[in-house]
Trainee: 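Have a look at this one.
Because only heavy atoms are used, hydrogens play no part in the values below, and waters and symmetry mates are left out as well, while side chains stay in. Below, chain A is the first sequence line, B the second, and so on; all start at residue 1.
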2 protein chains.
Amino acid sequence: MGEFELIRRFFAAAACARPSPAVALGIGDDCALLQLPVGEQLAISTDTLVAGVHFPEDCDPFRLGQRALAAAASDLAAMGAAPLAFTLALTLPQADPAWLQAFALGLDCMARDCQLVLAGGDTTRGPLTINISVLGSVPAAQALHRSGARAGDLLCVGGTLGDAAAALPLVLGQGAAVPAELAARLCERYWAPQPQLALGQALRGKASAALDISDGLLADCTHLATASGVALKIEAARLPLSPGVVDWLGAEQSLACALGGGDDYRLVFTLPPAALSALQASWPGVTVIGQVLCGAGVQVVDAAGQTITAPRAGYQHFGGSGD
Amino acid sequence: MGEFELIRRFFAAAACARPSPAVALGIGDDCALLQLPVGEQLAISTDTLVAGVHFPEDCDPFRLGQRALAAAASDLAAMGAAPLAFTLALTLPQADPAWLQAFALGLDCMARDCQLVLAGGDTTRGPLTINISVLGSVPAAQALHRSGARAGDLLCVGGTLGDAAAALPLVLGQGAAVPAELAARLCERYWAPQPQLALGQALRGKASAALDISDGLLADCTHLATASGVALKIEAARLPLSPGVVDWLGAEQSLACALGGGDDYRLVFTLPPAALSALQASWPGVTVIGQVLCGAGVQVVDAAGQTITAPRAGYQHFGGSGD
């Protein structure tokens, strides 16, 4: 038996490959079989992370496993889908047992948080690349699309913005002077973002449009505005920033991180005003950051209502052009 | 808009991303949404092909697109699943329009043959890697597993064996002396294998176990025997070989290709004897190649019933150790 066959057996025995009512047949046959709840549609999204492009070659494997699954699962949250399962296609230059053990632990950790079961996969030799496909279910016609925003809706986010962007210099070891507690908290937000799966499901039948912030608030709001055929106005003063980040970076740079920084994996969504108070009663982290207007494009205004040029974030994903 | 965003739009506009009743929402949102037939389970399989490991770096992109999808779709055939959709996660060193155009055409071609719709994907920068996840549906409890073979069943295959292995020297440009017509036919079998999707569905409720031959008949029969807890006896004289290959390579080397050669993507399955004649009436390519016995392991016998040592095929997948 080759070393890659051993890796397959290793993942088949991993905690996140545990039995689940949704997975009728898991790892080991030609396909996995999933049982969807009656009347629900399957939601699927696939994401690839490449060493040297999306993460450093020598990246801590535990953190890498955690973050890769979180980033993929966030797409289920953005559709309002309930998590079911995922597949892992892992390309590795060699079989390193210590690396695999740590990677699988990180994956397990996030799989438990997200209630996702490892249902299948593939292991091949080659440059380190991680592909994850996540599978979820959503009642027919209740999925959250990018295209449903209407003029008059509120523009909301699910939590603080810009933390991952603020963490990037720390993650890259660029040694900024930052209090240790804050550094630990930001790095945790970068490496172990929590996909807002429960919030996404709570938004079914309420939000008119939604997506998750992976490219940065401005870029992702532009996607939403384009898909919906509306304009979005963001009020800079209402953006929820982490207090520690403002104290450390100052207001302007914090705002830049919040507007331009990616990898936050918060939900951004539009909501008819009548639905706000009931939602905030259950989800106090939900914050109104602007409005949906007729027109096109995304405008950022200051507290006086004057359009401001969005400050350059200086932020990019690790590697910058990995897409 | 970056070049990789352009690639995404290019694939979203491809013929194989055409609307389909099964795909409620295709490319362009956070997830694709699939509608399964009532009472059916989802079958999913994921496969990665890496340049320099599974195919040459300078591989013809049309053929590569065709073959990558065929290899993935064959796993649906092996489960008896009806094809629905696929996702494509493409990692590319750069955006080369001519390469992409040809790759997408090859993909389209095989997608049409297999009735698969491109429902979503991801495009990233990095070493050339193709990941395809195929999605199908199968009525609950009718999927073909590897584990159902019982002593007394017949061992069958869906068509000729060893063609892809015989083609490998031609594919690798090792210039064997071979008639041009045969060379063209073998290369077609290598580059555009036809997943036996209709046969797989016809085997529902009939075959006791099935898988597709990707690692080679002997290796894949070993998987089936192990999963089912049975022994398999293969009668070498009954293996369906392509006449042109026997004339070219001789009996012994043709047999070696049939037993050890991978990438044929024929179905191998076990069948209660009573079901054979009805099946062969509709599927004349179905051939009995042996029996299921009590015990363990795979035995190959000659026409006199004597165990023969399986000749070394000399075959390996391109690159040999890609897994």
Side-chain angles (χ1 to χ4, degrees), chain A residues 2 4-5 24-25 28-36 38 41-54 74-76 78-79 81 87-91 119-127 129 131 133-136 138 140 143-147 210-212 227 319 321-323, chain B residues 2 4-5 24-25 28-36 38 41-54 74-76 78-79 81 87-91 119-127 129 131 133-136 138 140 143-147 210-212 227 319 321-323:
Chain A
F4 281 69
E5 179 57 30
L25 182 70
D29 217 305
D30 294 288
C31 292
L33 294 175
L34 263 66
Q35 181 69 51
L36 258 68
V38 175
Q41 291 180 330
L42 178 87
I44 179 167
S45 173
T46 188
D47 276 295
T48 301
L49 300 178
V50 182
V53 177
H54 302 97
S74 185
D75 282 320
L76 292 179
M79 292 302 284
T87 62
L88 169 69
L90 193 57
T91 303
D122 190 19
T123 312
T124 52
R125 189 183 302 276
T129 306
N131 172 271
S133 293
V134 287
L135 301 148
V138 58
L144 307 173
H145 297 230
R146 298 179 173 191
S147 56
L211 46 61
D212 66 316
S321 60
D323 292 84
Chain B
F4 280 68
E5 180 58 30
L25 183 69
D29 216 305
D30 293 288
C31 291
L33 294 175
L34 262 66
Q35 181 70 51
L36 257 67
V38 174
Q41 293 181 329
L42 178 87
I44 179 168
S45 173
T46 189
D47 276 294
T48 301
L49 299 179
V50 182
V53 178
H54 301 97
S74 184
D75 282 321
L76 293 179
M79 292 302 284
T87 62
L88 169 70
L90 192 57
T91 303
D122 191 19
T123 312
T124 52
R125 189 183 301 278
T129 306
N131 173 272
S133 293
V134 287
L135 302 147
V138 59
L144 307 173
H145 297 230
R146 297 179 173 192
S147 55
L211 46 61
D212 66 316
S321 60
D323 292 84

Trainee: For the candidates B:G126, B:S45, B:A32, which exhibits the highest count of non-hydrogen atom pairs separated by less than 4.5 Å from chain A?
Mentor: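 That would be B:A32.
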Trainee: For the residue pair A:Q41 and B:L25, establish whether any side-chain heavy-atom pair is separated by less than 4.5 Å.
Mentor: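 No; the side chains remain at least 4.5 Å from each other.
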Trainee: So how far is it from B:T91 OG1 to A:L49 CG, rounded to the nearest 0.5 Å?
Mentor: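 With rounding to 0.5 Å, OG1 (B:T91) is 9.5 Å from CG (A:L49).
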Trainee: What's the separation between atom CG in B:D212 and atom CG in A:D30, rounded to the nearest 0.5 Å?
Mentor: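 It is 5.0 Å, given to the nearest 0.5 Å.
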Trainee: I'd like to verify something: which residue of B:G120, B:A210, B:A143, B:G121 has the highest number of heavy-atom pairs under 4.5 Å with chain A?
Mentor: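 Ranked by heavy-atom pairs under 4.5 Å with chain A, first place is B:G121.
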Trainee: Minimum heavy-atom separation for B:H145 to A:L33, with atom names?
Mentor: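 It is NE2-CD1, 4.2 Å.
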Trainee: Closest heavy-atom contact between B:Q35 and A:A140?
Mentor: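 So the two residues come closest at OE1-CB, 4.4 Å.
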Trainee: Is B:T129 close to A:T48 at the side-chain level, that is, under 4.5 Å between some pair of heavy atoms?
Mentor: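 When only atoms from C-beta onward are counted, B:T129 and A:T48 do not touch, as no gap falls below 4.5 Å.
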Trainee: Is B:V138 in contact with chain A via its backbone, its side chain, both, or neither, using a 4.5 Å heavy-atom distance?
Mentor: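 Looking at B:V138, just its side chain touches chain A.
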Trainee: Which residue, A:V50, A:D47, A:N131, forms the side-chain contact (heavy atoms from CB on, under 4.5 Å) with B:T124?
Mentor: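 Exactly one candidate clears the test, A:V50.
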Trainee: If you tally heavy-atom pairs under 4.5 Å against chain A, which of B:A24, B:A43, B:S133 wins?
Mentor: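 The answer is B:A43.
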Trainee: Return the option, out of B:L36, B:L88, B:L211, B:L76, with the maximum number of heavy-atom pairs under 4.5 Å with chain A.
Mentor: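 Ranked by contacts with chain A, first place is B:L211.
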Trainee: Are B:L42 and A:L135 side-chain neighbours, meaning at least one heavy-atom pair lies under 4.5 Å?
Mentor: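 Answer yes - side chains close enough.
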Trainee: Please check: side-chain N/O of B:D75 versus main-chain N/O of A:C31, any donor-acceptor pairing under 3.5 Å?
Mentor: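 No, the answer is negative, given that no donor and acceptor are paired below the 3.5 Å cut-off.
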Trainee: Go through the atoms of A:T46 and report whether side chain, backbone, both or neither lie under 4.5 Å from a heavy atom of chain B.
Mentor: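 Contact with chain B is through both the backbone and side chain of A:T46.
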